[in-house]
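These numbers come from the heavy atoms of this one structure, side chains and all, not from hydrogens, waters or symmetry mates.
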There are 2 protein chains.
Amino acid sequence: MVKRTSFEHDDCPIARSLDAIGDWWSMLIIREALFGISRFSEFQKRLGLAKNILTVRLRALVDQGILKTAPASDGSAYQEYLLTPKGRGVFPILVALRQWSEEFDEHPEEIATILVDKEKGKPVRKLELYSQDGRLLSAADTALKPRTVVKQGGRVTA
Amino acid sequence: MVKRTSFEHDDCPIARSLDAIGDWWSMLIIREALFGISRFSEFQKRLGLAKNILTVRLRALVDQGILKTAPASDGSAYQEYLLTPKGRGVFPILVALRQWSEEFDEHPEEIATILVDKEKGKPVRKLELYSQDGRLLSAADTALKPRTVVKQGGRVTA
DNA sequence: TCAAACCAGTTTAATAATGCAACCATCGGA
DNA sequence: TCCGATGGTTGCATTATTAAACTGGTTTGA
């Protein structure tokens, strides 16, 4: 792969997110963490990824402030990996990914789980995007505006 | 091994989405396409990726029904790449990625653009997740339920 | 209390996925 | 007809990902 081009300093926030959590494993690790998984071996067993990769990913997620390590908690002398608020903030992204799959996958019958609300046990609605004055927006109803002034040579991207 | 593990037949919808569009470039290609970009050379110029990679990604996106090729359109004899409904359905994922970056990025001042609603030009609200009866839900208010019955040996994942 | 199993990695050697650059065929315009 | 843009393809070098073996500390349990 050759030095995966980094988007860390790209001015597009989507690229920046992808740079942080846009690989196959990071997203799934966060998914598991949202489920309460916190131990190295648990991640490894549930995801079935190579341990060296898990080591690298966990370290990267910690460095980025998405996970933090807490020394022990359930008695044993090992440490655990816990989500920070930034990590929990990934939840809507996971919901969006899930709903896209539910809506467009060619084999939805292979999907094992449904996201429900805890109180009633019923499926949740689709994610909704509203304007400040409460109108439901679709992609076509939105546009991108430069944050302040367009800098010289600064290209406006999504 | 090696052979990057495919999640195509994983029973987790998040994994399935990631399998389809979970690489750095596919998501950005779709972002550009949502902006109306449709020509090979335009993608290549705006994203700055190698042409062979672009070729492979575009073909994969077409195979998955996210893009479709339309022979010509603006006169020239070349083809263009257009989003299908499935492709446009990626929009909420991009919004979620964008908002995560806006909320948690350490250098938000480097972010060049803001998503606004076209009518008023004001920033949009955060994506919201509701229960069927209209309660606003956070991650903690949700749970996963097996789709029908848990199959023998079928592990329930997110 | 001593061995066996578990935890959390690290190392190694293989293969697969990028990236860059160069090449090539076709189309369109002057 | 010739030149540049378009839309790729091919080769090669580099890097990532992986399984498997190995390590060293920690629990468990007989």
Between [X] (side chain) and [Y] (backbone), is there a donor-acceptor pair under 3.5 Å?
X        : Y        : result
A:Trp100 : B:Lys86  : yes
A:Arg147 : B:Ile111 : yes
A:Thr84  : A:Ile66  : yes
B:Lys145 : A:Gly121 : yes
A:Gln99  : B:Ile93  : no

Send over the distance from [X] [atom1] to [N] [atom2], rounded to a whole Å.
X       : N      : atom1 : atom2 : value
B:Tyr81 : D:dT6  : OH    : P     : 14 Å
B:Leu54 : D:dG7  : CG    : P     : 10 Å
B:Phe40 : C:dC27 : CZ    : C1'   : 16 Å
B:Trp25 : C:dT18 : CH2   : P     : 11 Å
B:Arg59 : D:dG7  : CZ    : P     : 14 Å
B:Leu49 : D:dG8  : CG    : P     : 13 Å
A:Asn52 : C:dT12 : CG    : P     : 12 Å
A:Lys51 : D:dG24 : NZ    : C1'   : 12 Å

Report yes if at least one side-chain N or O of [X] is closer than 4.0 Å to OP1 or OP2 of [N]; otherwise report no.
X       : N      : result
B:Arg57 : C:dT18 : yes
A:Arg39 : C:dC7  : no
A:Ser41 : C:dC6  : no

### Message
Regarding B:Thr55, tell me which of base, sugar-phosphate or nothing describes its non-hydrogen contacts under 4.0 Å with the strands shown.
### Response
base

### Query
What is the nucleic acid contact for A:Gln44, judged by heavy atoms within less than 4.0 Å: base, sugar-phosphate only, or nothing?
nothing

### Message
Is it the case that the base of C:dG9 and the side chain of A:Tyr78 share a donor-acceptor contact (distance under 3.5 Å, atom types as modelled)?
### Response
no

